Each structure stands twice: as C-alpha cells, then as structure tokens.
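Since the structure comes first, as structure tokens, the remarks are kept for the end.
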Amino acid sequence: MKVIVDQHKCVASGQCVLTAPEVFDQREEDGIVVLLTETPPDHLMDDTRQAAILCPAQAIWVAEQEKQEGEQ
C-alpha cells in the first residue's frame, strides 16, 4: 500500500487524523494534512483506507501494491 495526499485539495477537516493518527497529522498553522508515512504497516491498512473514504475533499488516495512472492 502506498498513500498519496494532495495538500492543495485538503479542507483541513481532520477526519484522516481522527481515523489513522499514526499515518496522518495536520499542520499547526492551517490544519492541512501531513502524511507521516507513505507506506503504512499492515496493521494500519484498514484505518488508512477508511481515512481515504472519509476525506470530504477526496485529497487522499491509497494505491494497493501486490506483494512479491516471499513477502508477508
């Protein structure tokens, strides 16, 4: 999984931070999303996908990556 954010589309609602605080944060000055990790670990995948769904500005994308043979 790879997470992509568009800070220009972000409306600073904070839904992503509430849903996946280990993956997203907000800038102090304007509340715009800050991506903490582009490739979250497996245990954060569901929360990260939910954050993308809940984003009212659709400023978050999740690109699924197929695992290579031998990866877990």
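Keep in mind it's a predicted model, so treat the numbers as computed, not measured. Basis for what follows: all heavy atoms, side chains included, without hydrogens, waters or symmetry-related copies.
Within the structure, side chain to side chain donor-acceptor pair (under 3.5 Å) contacts touching residues 44-53 (residues at least two apart or in different chains) are D46-R49, R49-E64. The list of side chain to side chain donor-acceptor pair (under 3.5 Å) pairs with a residue in residues 25-35, not counting sequence neighbours, reads R27-D30. Pairs engaging residues 5-23 under the salt bridge (Lys or Arg N to Asp or Glu O under 4.0 Å) rule: none recorded [sequence neighbours left out].
With sequence neighbours left out, E38 forms a salt bridge (Lys or Arg N to Asp or Glu O under 4.0 Å) with K2. For C16, the side chain to side chain contact (heavy atoms under 4.5 Å, CB included) criterion is met by F24, V33, A51, I60, not counting sequence neighbours. Applying the side chain to side chain contact (heavy atoms under 4.5 Å, CB included) rule to S13 yields the partners V11, Q15, P56; only residues at least two apart in sequence or on another chain are considered. Looking at residues two or more places apart in sequence or on another chain, you find no side chain to side chain contact (heavy atoms under 4.5 Å, CB included) involving P21.
I53 contributes atom CD1, which lies 11.0 Å from atom CD of Q58 (distance to the nearest 0.5 angstrom).
For Q7, the CD atom counts as densely surrounded, since its 6.0 Å shell holds more than 12 non-hydrogen atoms of other residues, nucleotides or ligands.
Cluster note: W61 groups with I4 through ILVMFWY side-chain heavy atoms spaced under 4.5 Å, whether in direct contact or through intervening members.
There is no path of hydrophobic side-chain contacts, each under 4.5 Å, that joins V17 to V34.
Contact detail for A59 and C10: the closest heavy-atom pair is CB-N, 3.8 Å.
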